[in-house]
Amino acid sequence: MLTVKNIQENRDKFIELLAIKNFNATDLIDQVLSTDQLRRDLQKQLENDLAELNGLSKLIGQLYREGKTTEANEAKTRTGQLKDSSKELKEKHRKCELELKELIIQIPNIPHSTVPTGKGEEDNLEIRKGGIFPDPELTKKPHWELASDYKLIDFELGVKLTGAGFPVYINQGAKLQRALINFFLDEGNNAGYTEILPPIVVNEDSGFGTGQLPDKEGQMYHIQDDNLYLIPTAEVPVTNIYRDVILQEDQFPIKNIAYTPCFRREAGSWGSHVRGLNRLHQFDKVEIVQIRRPEESYKALEEMVAYVESLIQKLELPYRVLRLCGGDLSFTSALTFDFEVWSAAQKRWLEVSSVSNFESFQANRLKLRYKEKGDKQSHLAHTLNGSALALPRIVAALLENNQTENGILIPKILQAYTGFEKISNQ
RNA sequence: GGAGAAAUGCCGGAGUGGUUGAACGGGGCGGUCUCGAAAACCGUUGUGCCUUUCGGGGCACCGGGGGUUCGAAUCCCUCUUUCUCCGCCA
């Protein structure tokens, strides 16, 4: 969601940039501008009425005190008229504001000028590749077979307890989850992120603030009785900490890290690509969130990309970094880098992290602002976030890429966390 | 879950129908004094929107929403949250 002022000042530029997202914004933007003009006209009329009404009310009070009842009552006939007209104007104004808001929230975030054009994921730009790719002859079993061979994950048991997409992790499989979570959190702490353990159920305002609502309504689990949502990512509660907040300059930079389970309905997904750990309804993820001054946000994005890359390198996984094209960029993002790890047995890339700068898009919905010292006016801050990292596909790649004849090797850095160097059937 | 009390500015806390956007105290900021600091004293200190001849002018906001009234922080309804007591409980 953008501010009208921004849209007004940058109409042509925004239309041009939104075309990168394959979004034709001309009509919508012109509607926004005309609706805003109407809104301002209505507000002018309304405030004139209210100003007169306020003045008369003061006068009436004075007249009563002076005992001039007749004059007071005369004035009341005028206030009666004003009340009627202002009531009508207020209603029109309210409707107009609502309409304006509904128009504005249909406009996706303006993409950054470096976003490549493209239709879908096939047009994403690979900017880097790293790590050592395993010998395909030695890494043939997909992770769901390994998970079953070594009794790490029971997918059928999850179906019994809940349904498809809710796996049960067992023994070394469970320990591996816990090890990864702790590893990711420790790394984040070392990199200056403050650890947060937020609620995993949020209200409607929070869903709106980060842009999941109303756009992705159907992707979240909704608890009808209490009108609450299961979070699809820690981004939602952690970013909403700063909803309706005016930050002081000495609070920057804000860097938070949080582990949470994540819940996604993934309505409409099916097929072999979602097998095993590839796509789940419940999964674990560690998320990093930053809140920055606008002039620093792209530097922060770079820093976050480097940080996520370092995690994957420490896990010794082959990976690549993509700059998402306009067609694959989310509604809310201005610039996103995706990280994918190579899944040896499936012979495909698996997305394990998405690092984005939302610029002021979320901040505008959240009313997240900051004030410089001696500054009279507040400004919208920039929000960024990234997975660091999502567990299931990391586990899939670890299992597949590190399989040997007599067990699955645990990367060195993780051994201190797991307490074992190898997964095997003792 | 039951009974009662409360929600005011950065914080504490007044204010029960008419110059109250809000007393008073604290904190912050600026200044005087000082070599410097403290103390003291003086000044200043919310957000959003509309408008402007850029000096200003106007509107809204005292937990949220609605109502009564010429006029509401103040009265009424409703929701939410917090506190106290009782019950239950990881």
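Proteins get letters first, then strands, A, B, ... in listed order; numbering begins at 1 in each. The basis for the numbers below is simple: all heavy atoms, side chains too, and nothing from hydrogens, waters or symmetry mates.
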Between B:G31 and B:A37, how far apart are the P atoms? Round to whole Å, please.
11 Å

- [ ] Check the surroundings of atom CD in A:E421: do more than 12 heavy atoms from other residues, nucleotides or ligands lie under 6.0 Å from it?
- [x] no

Take atom C1' in B:C42 and the same atom in B:G46, then report the distance between them in whole Å.
23 Å

B:A60 phosphate, OP1 or OP2: any side-chain N/O from A:N54 under 4.0 angstrom? yes

Partner of B:G87 under the Watson-Crick or G-U wobble criteria, both distances under 3.5 Å, comes out as none

note: A:K58, atom NZ; B:G17, atom C1'; distance rounded to Å ~ 15 Å

Of B:C70, B:C50, B:G18, the nucleotide closest to the side chain of A:Q43 is B:C50

Whichever of A:G80 and A:E52 has the more 5' nearest nucleotide on RNA chain B, that residue is A:E52

- Task: Tell me whether the OP1 or OP2 atom of B:C49 has a side-chain N or O from A:R40 closer than 4.0 Å.
- Result: no

When rounded to whole Å, the CD to P distance for the pair A:E71 and B:C70 reads 18 Å

note: A:K101, atom NZ; B:C49, atom C1'; distance rounded to Å ~ 15 Å

| Taking the C1' atom of each, how far is B:G9 from B:U44, in whole Å? | 15 Å

**Prompt:** Looking for any heavy atom pair under 4.0 Å, which part of the strands does A:L56 touch: base, sugar-phosphate only, or nothing?
**Reply:** nothing

Problem set entry | Side-chain heavy atoms of A:Q212 within contact of A:E235, under 4.5 Å | yes

- So, is A:R369 near the phosphate of B:G48, with a side-chain N or O under 4.0 Å from OP1 or OP2? yes

Testing B:C70, B:C50, B:G18 for proximity to the side chain of A:L53, the answer is B:C70

With a cut-off of 3.5 Å and sequence neighbours excluded, list every side-chain donor-acceptor pair involving residues 387-399 of chain A.
from: A:S387; atom 1: OG; to: A:S354; atom 2: N; distance (Å): 3.2
from: A:R393; atom 1: NE; to: A:N278; atom 2: O; distance (Å): 2.8
from: A:R393; atom 1: NH1; to: A:E351; atom 2: O; distance (Å): 2.8
from: A:R393; atom 1: NH2; to: A:N278; atom 2: O; distance (Å): 2.8

Do A:K141 and A:Y150 meet the cation-pi criteria used here (NZ or CZ under 6.0 Å from the six-membered ring centre, within 45° of the axis)? no

**Study point:** Any A:V115 side-chain heavy atom under 4.5 Å of A:L335 side chain
**Key:** yes

Regarding the side chain of A:A51, the nearest nucleotide among B:U51, B:C70, B:G58 is B:G58

Legend entry - OP1 or OP2 of B:G48 under 4.0 Å from side-chain N/O of A:S378: yes

A:Q37-A:R40 side chain donor-acceptor pair, cut-off 3.5 Å: yes

Next on the checklist: Taking only the C1' atom of each, what is the distance from B:A60 to B:C54 in whole angstrom?
Outcome noted: 23 Å

A:D244 atom CG is separated from B:U80 atom P, nearest whole Å, by 20 Å

A:L50 CG to B:G71 P, in whole Å, measures 11 Å

Separation of B:G18 atom C1' from A:I60 atom CD1, nearest Å, is 11 Å

Determine the contact category for A:T79: base if any of its heavy atoms lies under 4.0 Å from a base atom, sugar-phosphate if only primed atoms, P, OP1 or OP2 are that close, otherwise nothing. sugar-phosphate

Closest of B:U69, B:G18, B:C49 to the A:K83 side chain is B:U69

Answer for the Watson-Crick or wobble partner of B:C54, both distances under 3.5 Å, is none

| field | Inter-nucleotide C1' distance (B:U20, B:G15), Å rounded | value | 9 Å

Note to self: Measuring only the P atom in each nucleotide, how far is B:U53 from B:G57? A whole number of Å is fine.
What the structure shows: 15 Å

Taken to the nearest 0.5 Å, the spacing of A:Y229 OH from A:E204 CD works out to 5.0 Å

For B:U68, the nucleotide meeting Watson-Crick or G-U wobble distances (both under 3.5 Å) is none

**Study point:** Span that lies between the P atom of B:C76 and that of B:A7, in whole angstrom
**Key:** 13 Å

From CD of A:E47 across to C1' of B:C49 the rounded distance in Å is 7 Å

In whole angstroms, the gap separating P of B:C59 from NZ of A:K90 amounts to 13 Å

B:G9 -> Watson-Crick or G-U wobble partner, both distances under 3.5 Å, gives none

chi for B:G55 classified (syn = within 90 degrees of 0, anti otherwise) as syn

(Q) If I pick the C1' atom on B:A72 and the same atom on B:G4, what distance separates them, to the nearest angstrom? (A) 27 Å

Of A:N48 and A:G61, the one whose nearest nucleotide on RNA chain B sits closer to the 5' end is A:G61

Q. Within the structure shown, what part of the strands sits under 4.0 Å from A:L82 by heavy-atom distance: base, sugar-phosphate, or nothing?
A. nothing

Closest heavy-atom pair, A:I231 versus A:P199, reported as atoms and distance to 0.1 Å, is CD1-O, 4.2 Å

Using Watson-Crick geometry (N1-N3 plus N6-O4 or O6-N4) or G-U wobble (N1-O2, O6-N3), each under 3.5 Å, B:G17 is paired with none

Paired to B:C62 by Watson-Crick or G-U wobble criteria (both distances under 3.5 Å) is none

Mate of B:A39 across any strand shown (Watson-Crick or G-U wobble, both atom pairs under 3.5 Å) is none

Could you tell me whether A:R65 contacts a base, only the sugar-phosphate backbone, or nothing, with contacts defined as non-hydrogen atoms closer than 4.0 Å?
sugar-phosphate

